[in-house]
Amino acid sequence: MTSSTNIVAGNWKMNTDVTSGVRLASSVAAGAVAVPGVQIIVAPPFVSLAAVRDALAGSSVGVAAQNVHAEDSGAFTGEIAPPMLVGLCDYVIIGHSERRQFFGETDESVGRKAAAALQHGLRPIVCVGETLDERESGRAVEVIRRQVVAALADLDPEAAGSLAIAYEPVWAIGTGRAATPDIADQIMGGAIGSTIAAVLGTDVASETPLLYGGSVNPANAAEFAAVPSINGALVGGASLDAATFLEVAAAFSSRNQ
Ligand SMILES: O=C[C@H](O)COP(=O)(O)O
């Protein structure tokens with residue numbers, strides 16, 4: 001059994017300023033009315049969260065932050081605490097591979113961040129994914145299981161129903177080389193689903209939306225949407241143009257209808 005929630009989230013990464021972000025969000029909101037059955041989310045940089053939230057008021061499009069700190073406050077220069085995000089966004093991306101690769105995030109810190117976000121009513125979109133070396137050496141499933149176990153380790157099981165997990169193989173991000181639907185299904189329907197079930201139970205596993213990320217675009221989105229274990233997409237480059245992003249979202253629109 002898989003989640004019936006379809007989510008297509010656009011991770012703008014370190015792109016857009018406040019003005020262009022509001023313009024992009026407004027265009028997404030205008031088009032989202034024609035894409036039923038999908039929770040569309042945009043994840044702008046921190047500095048644009050308030051303006052994007054305001055631009056999206058009254059629309060169905062959700063807002064996500066791209067990161068959060070695990071502590072509520074303190075001497076952590078440059079960081080953003082979970083309570084600061086409350087009211088600005090509903091979702092937060094946690095453990096993106098770029099955070100793991102360039103900013104020293106670990107399995108353990110990802111788990112603490114996910115738990116902290118949930119404690120404040122923010123819905124974590126936790127990213128996991130193996131590197132090319134890990135895949136080619138046959139360790140992909142082992143790495144994904146380890147990352148998922150760590151991400152779930154500190155979660156309040158009662159709140160865990162608000163979680164989503166994005167499988168983003170590092171070798172597919174920004175490379176134009178998406179995973180095949182078979183590879184994504186093997187990891188998402190297999191390793192991720194069974195690990196959530198083992199840690200949090202089958203009910204949570206069946207309710208947790210699983211998103212695929214890595215070079216998703218309008219040309220390949222339908223192939224991923226056709227896989228029952230894939231409940232949506234976490235889109236990078238293709239989310240920076242509203243029409244392109246909405247085409248990806250539309251591919252998931254007809255599922256469960
Ligand atoms: O968060 C999004 C992912 O990193 C995917 O990025 P991409 O669609 O540009 O490959």
Side-chain angles (χ1 to χ4, degrees), residues 6-16 20-21 24-25 28 38-46 48-49 52 61-68 89-103 105 110 113-114 117 122-132 134-135 140 143-144 147-148 151 163-181 183-184 187-188 192 209-225 227 230-252:
N6 302 306
I7 295 176
V8 174
N11 177 10
W12 297 355
K13 306 192 179 184
M14 198 172 72
N15 298 292
T16 68
S20 60
L24 176 54
V28 170
V38 179
Q39 175 60 65
I40 296 175
I41 299 168
V42 295
F46 282 126
S48 301
L49 281 174
V52 165
V61 177
V63 183
Q66 296 179 16
N67 182 31
V68 70
C89 59
D90 300 313
Y91 301 85
V92 57
I93 297 169
I94 292 174
H96 191 281
S97 67
E98 288 150 14
R99 301 288 321 165
R100 296 176 190 255
Q101 181 180 358
F102 301 124
F103 301 100
E105 295 208 8
V110 169
K113 288 179 176 205
L122 299 164
R123 304 184 67 161
I125 301 172
V126 173
C127 301
V128 298
E130 81 284 1
T131 63
L132 187 59
E134 288 164 342
R135 170 153 291 275
V143 167
I144 297 300
Q147 291 178 342
V148 173
L163 177 78
I165 293 191
Y167 169 56
E168 299 207 314
V170 177
W171 46 270
I173 294 175
T175 60
R177 179 189 168 193
T180 64
I183 287 176
I187 295 293
M188 298 167 75
I192 295 178
L210 305 182
L211 317 184
Y212 169 76
S215 296
V216 176
N217 59 48
N220 61 24
E223 291 175 26
F224 292 109
V227 179
I230 301 179
N231 308 116
L234 181 53
V235 186
S239 72
L240 294 172
D241 174 78
T244 306
F245 180 52
L246 288 163
E247 272 192 73
V248 171
F252 287 87

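Since the model is a prediction, treat every value here as computed from it, not as a measurement. Start at 1 and go down the list; that is how both ligands and their atoms are numbered.
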Would you check if there is a donor-acceptor pair between the side chains of Glu130 and Trp171 at a distance under 3.5 Å?
yes
Which residue is it: Ile230, Asn231, Val128? I am looking for the one with a side chain to side chain contact (heavy atoms under 4.5 Å, CB included) to Met188.
Ile230
Using a 3.5 Å distance criterion without hydrogens, assess whether the side chain of Asn220 forms a donor-acceptor pair with backbone atoms of Ser215.
yes
Using a 3.5 Å cut-off and no angle test, enumerate the donor-acceptor pairs between side-chain atoms of residues 232-244 and protein atoms at least two apart in sequence or in another chain.
from   : atom 1 : to     : atom 2 : distance (Å)
Ser239 : OG     : Val235 : O      : 3.3
Ser239 : OG     : Gly236 : O      : 2.7
Asp241 : OD2    : Ala243 : N      : 3.4
Asp241 : OD2    : Thr244 : N      : 2.9
Asp241 : OD2    : Thr244 : OG1    : 2.6

Using a strict 4.0 Å cut-off to heavy atoms of Glu168, name the atoms of ligand 1 that fall inside it.
1 (O), 2 (C), 3 (C), 4 (O), 5 (C)
I need the contact type for Ile173 against ligand 1. Using non-hydrogen atoms and a strict under-4.0 Å cut-off, is it side chain, backbone, both or neither?
both
Given Leu210, Ile192, Leu211, the one that forms side chain to side chain contact (heavy atoms under 4.5 Å, CB included) with Tyr167
Ile192
Mind checking ring-ring contact (aromatic ring centres under 6.0 Å, His included) for Tyr212 and listing every partner two or more places apart, or none if nothing turns up?
Phe224
For Gly174, atoms of ligand 1 separated by under 4.0 Å from a heavy atom
7 (P), 9 (O), 10 (O)
With nothing but distance in play, are any N or O atoms of Ser215 less than 3.5 Å from an N or O of ligand 1?
yes
Heteroatom distance test (Leu234, ligand 1): nitrogen or oxygen, under 3.5 angstrom:
no
Which ligand 1 atoms, with their elements, are less than 4.0 angstrom from a heavy-atom of Gly237?
7 (P), 8 (O), 9 (O)
Applying side chain to side chain contact (heavy atoms under 4.5 Å, CB included) between Gln39 and each of Val8, Asp90, Ile7, report the one that passes.
Ile7
If you measure every N or O of Lys13 against every N or O of ligand 1, does any of those distances drop under 3.5 Å?
yes
Numbered in order shown, the ligand 1 atoms found under 4.0 Å of a heavy atom of His96 are 1 (O), 2 (C), 3 (C), 4 (O)
What residue and heavy atom of the protein are closest to atom 8 (O) of ligand 1, and at what distance?
Gly236 N, 2.9 Å
For His96 and Glu168, test the side chains for any donor-to-acceptor distance below 3.5 angstrom and give the result as yes or no.
yes
Just which atoms of ligand 1 are under 4.0 Å from any heavy atom in Asn11?
1 (O), 2 (C)
If you measure from each heavy atom of Gly214 to ligand 1, is any distance below 4.0 Å?
yes
